[in-house]
Structure formats: structure tokens, C-alpha cells
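Data block below; observations after.
Here is how names work: the chains are called A, B, and so on, in the same order as the sequence lines, proteins then strands, and each is numbered from 1.
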Amino acid sequence: MSHKSLWIIDVSAEQVNGSDEIWVWGKTEDGKICILRERNQKQKFYIAFDSHEKVEKAKKYLSTIPGVIKCDIVKRRSFGIEKIAVEVVCLPSKTESIVKAASKLEGEIFEDDIRFSNRFLLENDISPSSWYEASVEESDLKPSDGVDETYILKSLRKLEISTLPSLKIMALDFIYYSEKGTPTPEKNPIIVISIALNDGKRIQLTGDEKEIISSFISLTKEFNPDVIVGYRTNTIHWSYLLKRCEKLGIKLEVGRLNSEPHQSLYGHFSILGRINFDLKDYADDIVAIQRKTLEELAEYFGVSMNVEPVDEFFYSKYWRDPNKRQILLKYSMWRAEACLKIFETISSEVFSLSSITGLPADYVFTASPAFRLENFLMRSAIKTGELIPKSRERLAPSYPGGKVLSPKKGLHKKVAVVDFKAMYPSLMLKYNISPDTVRVLPYEGEENVVVVEEANTCIIQDRKGFFTEVLGKLVEERDRVRKLLKQVSKDSAEYRYLDAVQKTLKVLANAMYGYMGWIGARWYLREGAETVTALGRKVITQTIEKAEKMGLDVIYGDTDSVFIRYDEQKINELLRWINEDLGLEAKIDKIYETVIFTEAKKRYAGITTDGSLDIVGLEAVRGDWCKYAKETQKILLEKLLKGEKKDNLLSFIRERALKLKRRQVNIMDLVIWKQLAKKLEDYEVKAPHVAVALDLLQDGWKVEKGDFVGFVVTTGSGPIHTRAKHYSKASIDEVDVNYYIEKQLVPVCERVLSVIGIGPKEVEYVAKMAGLGMEAFF
DNA sequence: GCTACACAAGTACCT
DNA sequence: ACAGGTACTTGTGTAGCG
């Protein structure tokens, strides 16, 4: 027996000579890749009954089924109800048939839907992307092809190390060639693979396709990366490569042990022994990234764009043009390099999320936030004796949410934004709100409860709920990590990692309310979520009433924030009252020097005391308005907030309208982007972006749900959808300037100026008359 | 057949 | 494929007119 310190890359389920094994893939401190084979992992499920007799009977019956290794009668809980259950331990290969036999009994079956490799992780509380000390013995499996050592696993002990191992990272970009339309692997070859390695090497493969792929495979074997990163690799590239390889008779052996990528859950690709990370999954998670392009993601992280970007609609044009091919090649290499830099930037976040939730690093962002939290909850459940419920089909009745005030329209000076700190998690903790503690009224049980009339519920107080337990641990752990952070140098790798950990813990805590109200959740309890929002509304209402009673001027409020005319003393008094009387924490989030509100909720703009411009909800921050209109609104807002007079504002609008009329605008600044939120065939009305998408489809472009469609409105008559044209096919000369004046420029300006009493007619007049020789009248 | 209007569909935002 | 609350544009159906 010997010991090995290692960082877990991934865990896979394998069959060796007909028996099931778990392989733990690790990287040792000295950079060796090893496989630890767990040969004794079994499957497990529970079947719960309402009487002791039935349990005994079931146990007897189940024990006789071949493949069942052990049956025990155990006590567990589910949604706050005590359960007596048979715990069935069985052979992985026989589980399906055993569960089938068990389902004929009149009990409720739990945890038969936990997959083998996850069972291993949950039960032993083992997380990928974490350090462990392993006790191991020699294994007869010969190390080969990317693997240095193999062992038989005896036990794993978690190590508290908050740094990452040195990982080999390979970033990729691919170009396929299609004369016209989206390339399809059935017809169109791979023409470029750009590779950026984190040892500094840059390789660009072009030429004969077979050679490109073969070189790519041998390069991968030689470099032996721990991480392969790209953009849209899960949804496009791996399946494209696999299909091309199939056509050419090549095996795409890019995984360790010469394995090929294989598609697993939800279309995600697994590459054995490596982390296959698709940055698109990460981009999808960031709301600030509107069109989900690699360029936007790079910009978000400050990765510079030092080459000329090429739009995918023009790839083939650039490739065919001998003068432009170099530009395309450079751009492709930039993409690979950008992927490398971005991954390096986010690695702490990725690995801390993986380590805390227990999901493999390459799956953690492919999974939705709810599934990440759910995996985390499942680990906690196993530790606390809570059976893991199954998600099932149910109706999804809606329930009331946060309270939103109508703002006081106008330009306000010195406004403080008072925020409740983590309102929903705090309420859940304070009142013990959890799927196992919330009951619908009338409550007839014995336990002490807090009644929440507004939600027609009550909350049991005599025992700590499952979510309360988890939430408490999340908060405690976050506090602990934040204390640790203070002792670590800010520019160290350890700081970055620990900071990512504390952020992850916060994200998980914040997700618990939404998760409880999510119809697909294993621990779904609408009444629980309803109780949280009801208490939230109560708290904000009381705060507003208190503030007004104190003589404070409340200007706006939304869910957990209140905008109040600044009065330092009184606001501090209010904060104290919130703390003492409501038992919650609130703080001044920011103070606006000037802030404007229209009559609309959720839309305002202001300049804070530190001089930064905030724009909230208005067109300037929306992805579905053209850049020219957005920019106009932003500048106009800034001018207005800084006190510019009406005349100057109007002449600015005139200037912008004139420029548009003279077509002195880049056509890309007039593109309106909209996402296809559903499948093309599911649309009921002919919206402009849908019409454009159908047109692209005609031309051989693949357009599907989730894609962003960019179009401009061209001149002509009839509804907009007949005049909307994809930007790749339109020129500035055919743009309908009037549409842009009337439907883009005027609305965004009017929205702002209405605040200071300038009506729509006036704005429209100024914009429409621009350049018509009427300037002398203004 | 046209216009005005109300309403539905659709998207993206806020907390 | 975490929640509900909200604004706003475009398309569509139709009442009312003549």
C-alpha cells in the first residue's frame, strides 16, 4: 500500500472483464497522469413503506433477487416525513432489473435514478477538481497513451489545498469550407485547425484535410492536454470532426487511452481523461453577454482584439480571396488564443464550482444553475439522511413575486439606493423556510409554527429544515473562506481560487429560492417559494411605510431595494430599524448624484457620486435595439444627467438624425439583433427576425433555436417582416432611413426627454426636420 | 376595402 | 431546464365606417 497526492480531473464508469469499475482520473503533484481503479463500488436504492410489516416483507423478497448484495431496514426522511425503507445494495449491471422487480411492490422508490459514477462521488463525498490523498495498491492495468500510472484505489482522503495543479491546456478553433451556406460535415471539409497551447506554442494546420486531422490527433497525443477548450465545441465542432473522420476512415483518438470523444447527457461531449470545456456554455451563463459570441466574451474579460474579425457569414468569401485568406487565418488563430486566455482567466471559477457542486469541470457550465445546485443538495442530502426525491411531471401554477413600486417620474438629485442584503436567503434562514418545513394552512400538526397569511402557509419551527441546514453551511463556509482571504496576498493564485470559492458559495445560496419554486426541481415546493416572496413583500412594504413615517421621500423600489432621497441621518436610522425590528440587514448600495425615472418601472438612469453612469432597463442596455439608437440614447442621458439644456439636447438629436439621413453610418450600427427563442416552425406570427431566419434557411444557412438573427429594415412598403433583410445581404443604400428615425431614434430619445416635459411631437419634429433647411427656426 | 383599435406574440430586461 | 414582474414593438383580427 502506498500514498499518492492527486487532483481529480474526472471520474468515469468502465467495464473491465465484465465487471463494473469506477476510474478516478488524477494528476499528481509531480504532473503524472494516473488512473485509480475502484472495483468495489456498488449501486444502491431505497424503497419506502408506511408500515413495518411491509418493509419486512419487502426486505425478505428483495434479498432473494440475484444481484442484490445487501438489504437493510433504515430510517430516512423525505419532505419532513419520517420514512421506513429498505436500503438495497446491488450489482450495477443488475440494478435495472432489481428496480423493476421492486417497483411491483407498493412502496415508493428513491435514488434509483442516480447514475453509477455519481453514486460513487455522492456516497464517498468525493469531488472532481479537488486534491486528495489516495491509498493505493499496484494494478495489473498497463499505463499507456497519455496515462503514466494506474493503481487499485483503497481510499481517498480530502486535502485542504487551495491551489490548482499545473494543467496542460490546448485551445482550438476550426474552419470548414462551404461554397455557400453553413458547412455540413456530409459535404464540406475541414480546412483549418488553429491550436494554441499553454506552453506558448501556436500551430495552424491547413492543406489536405486528412493530414490536418492526422496532425491534430498526433499533436494532441504528444502534448497530452488535461484541458481542451474551444467555442461551441459541444454543439458544433466535436460532432463535425467525428463525422469527417468517419468519412475519411480516421479514428479521432484525442482522448486518453486512444479513446474517441463520445456524446453524453444533453449533447455534451466527453473526452476520456481530459476536461473538454466549451466556453459557449460559460458565455450562456453571463447575462451581460448579449449575443453570446466569442468576441463579446473576450471583450468581457478584456482580451484584446488585435486582428481583423471575420463574420462567419463571410468565411468562404475570405478563404477564396487570396488577399483576404491571411486575415481569416489570423482571425482563427486569435480565436484559439482568446479561448486559451479566457479559460485561464475563468479556471478558478470553473474548478471551484466543480469542486463544490461535485460536477465534473467540463460539465459544470453545461448544466443549468438549477442542476448545479441540485447536485450540491444531493450531496448534502446523503449526509443528513434526506432521501433524494425524484423530479416528476406536475402542473406549474404561478404565484406572486416581488413588489415593484411605480417610480416618481422626473430628475432627482441625491438619491440613495437602500438594498436588503441577500433578502431571500436571509428570509429563508430566519424563518426556516424549506421544502420540509412549509405546510399549507390549515395546519393540524403538533409542532410550533409561524403563520404566513399572505401565502396561506405556515413554517414549522421545532426542527431545522433541510434547506436551512444547507443554507447555514453555505453562509458559514463563505464567512470562513472570506476570513482566509484576508490572510492571503491579493495577487496570488490562492487568492483567486479562494475568492472564486466564496463567490460560488454565494451564487449557490442565492439560487435556493428560485430552485424551490422551479417546477423541475427534485425539492420543488411552490408554497415554500411563495412563502419567501410573501415575506419579502411584507418586509419591503414595512420599510417603505417606516421611511415615509420618518419623513423620508421614497422615489422607487423593486423587490429588495428602496430608492430614497438622501438624508444621511434618517437613512442610517432606517437601516438600524431594519436591523433591529425586522431582523434583517440592509445597506446603502450607492448614491445617485442625479437619477431620472420615466413613469415606467424597471427603467432608469443615473450618475453615482463616484461619477459612473448607470443605465437600467432602458433601450441603451437592451440587445434588441440598433447600436446607433442605443449610443444616441446613452449620450443623451449623459447630457441630460449632467444638466445640459433643452436646446442642446434637441440639437444633438438633430445632429444624429441628420447623420442617419445622410447614411453616414456603418450598416452594422443599424443591425437589429433578436434571438430565435423557439424552433422556427413553432412561431405563430411572422416576426421580422423569423422572416429573416427563414430567408437565410432558403440560402442554405443553418438557423435554429437559440441563434441570434441580425437584420436591417430596408425601404419599401408593407409590414416590417417583408422589408427586414439579413445584414450580410443588405447595403447602406437600401436601408429605410425613415424607419430608423421613427422607430429607433425617436422612441429612444423621446423616452428620455419626456422626463423633462418634452413631448413626443417635439422630438419627432426635430428628428424629421433635420437637414430640411429649417435649422434657422430652432 | 380601409382605418383604428385591442389584444396576442415575442423578446429582453430587473431584482 | 432557477423565480415572478415589467416594458415595449410588431403582427393580427375585427369593429365600424361607408
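- Atom CG of Asn510(A) is separated from atom P of dC2(C) by 15 Å (rounded to the nearest Å).
- The side chain of Tyr399(A) approaches dG4(C) more closely than any other nucleotide in the set dA1(C), dG4(C), dA7(C).
- Between Tyr515(A) atom OH and dA3(C) atom C1' there is a gap of 14 Å when expressed in whole angstrom units.
- Paired with Leu279(A) under the rule side-chain contact (heavy atoms from CB on, under 4.5 Å), one option of Asn234(A), Asp284(A), Ile346(A), Thr233(A) passes, and it is Ile346(A).
- Nucleic acid contact class of Gly514(A) (heavy atoms, under 4.0 Å, all strands): base.
- For dA12(B), the OP1/OP2 oxygens have a side-chain nitrogen or oxygen of Gln675(A) closer than 4.0 Å.
- Looking at Thr357(A) and Arg372(A), their side chains never bring a donor and an acceptor atom within 3.5 Å of each other.
- The side chain of Tyr739(A) has dT10(C) as its nearest neighbour among dA3(C), dT10(C), dA9(B).
- Between Lys601(A) and Val685(A), the residue whose closest nucleotide on DNA chain C is further toward the 5' end is Lys601(A).
- Remark: P of dA3(C) and CG of Asp558(A) are 18 Å apart, rounded to the nearest angstrom.
- Distances shorter than 4.0 Å separate none of the side-chain N or O atoms of Gln744(A) from OP1 or OP2 on dT9(C).
- Ring geometry for Tyr592(A) against Phe563(A) counts as parallel: the plane angle stays under 30°, on a 0 to 90° scale with 60° as the upper cut.
- Gly623(A) comes within 4.0 angstrom of the backbone, heavy atoms only, and of no base.
- Here dC13(B) presents its C1' atom at 14 Å from CD1 of Ile615(A), a figure rounded to the nearest Å.
- Looking at the side chain of Tyr683(A), the nearest of the listed nucleotides dA9(B), dT11(B), dC2(C) is dT11(B).
- The structure places OG1 of Thr366(A) at 10.5 Å from NZ of Lys280(A), a figure rounded to the nearest 0.5 Å.
- Among the heavy atoms of the strands, none lies under 4.0 Å from Thr533(A).
- Residue contacts for Tyr424(A): at a heavy-atom cut-off of 4.0 Å it reaches no nucleic acid atom on any strand shown.
- Within 4.0 Å of Tyr524(A), counting heavy atoms only, lies no atom of the nucleic acid at all.
- Listed pair His689(A) / dG10(B) fails the phosphate criterion, with no side-chain N or O lying under 4.0 Å from OP1 or OP2.
- For the atom pair CG of Leu640(A) and OG1 of Thr594(A), the computed distance is 9.0 Å after rounding to the nearest 0.5 Å.
- Phe420(A) comes within contact range of no nucleotide atom at all, as no heavy-atom separation falls under 4.0 Å.
- Using a 4.0 Å heavy-atom cutoff across all strands shown, Lys678(A) reaches sugar-phosphate atoms only and no base atom.
- Rounded to whole angstrom, the span from the CD1 atom of Ile720(A) across to the C1' atom of dG11(C) amounts to 9 Å.
- Rounded to whole Å, the distance from CG on Leu405(A) to P on dA7(C) is 13 Å.
- Note on Ala529(A): nothing from the nucleic acid sits closer than 4.0 angstrom, heavy atoms only.
- Looking at heavy-atom distances under 4.0 Å, Val621(A) makes contact with sugar-phosphate atoms alone, never a base.
- For Arg372(A), no side-chain nitrogen or oxygen approaches OP1 or OP2 of dC2(C) to under 4.0 Å.
- The residue Arg751(A) sits close only to the backbone: its heavy atoms come under 4.0 Å of sugar-phosphate atoms, none of a base.
- Taking side-chain N and O atoms only, His721(A) has a distance below 4.0 Å to OP1 or OP2 of dG11(C).
- You'll find that the side chain of Lys602(A) is closest to dG5(C), out of dG5(C), dA12(B), dC2(C).
- Looking at heavy-atom distances under 4.0 Å, Trp625(A) makes contact with sugar-phosphate atoms alone, never a base.
- Distance CD1 (Ile519(A)) to P (dC2(C)): 13 Å, rounded to an integer number of Å.
- A 6.0 Å sphere centred on CD of Glu393(A) holds no more than 12 heavy atoms belonging to other residues, nucleotides or ligands.
- What separates CZ of Arg622(A) from P of dT6(C) is a distance of 16 Å, to the nearest Å.
- Thr598(A) contributes atom OG1, which lies 12.5 Å from atom CG of Leu753(A) (distance to the nearest 0.5 angstrom).
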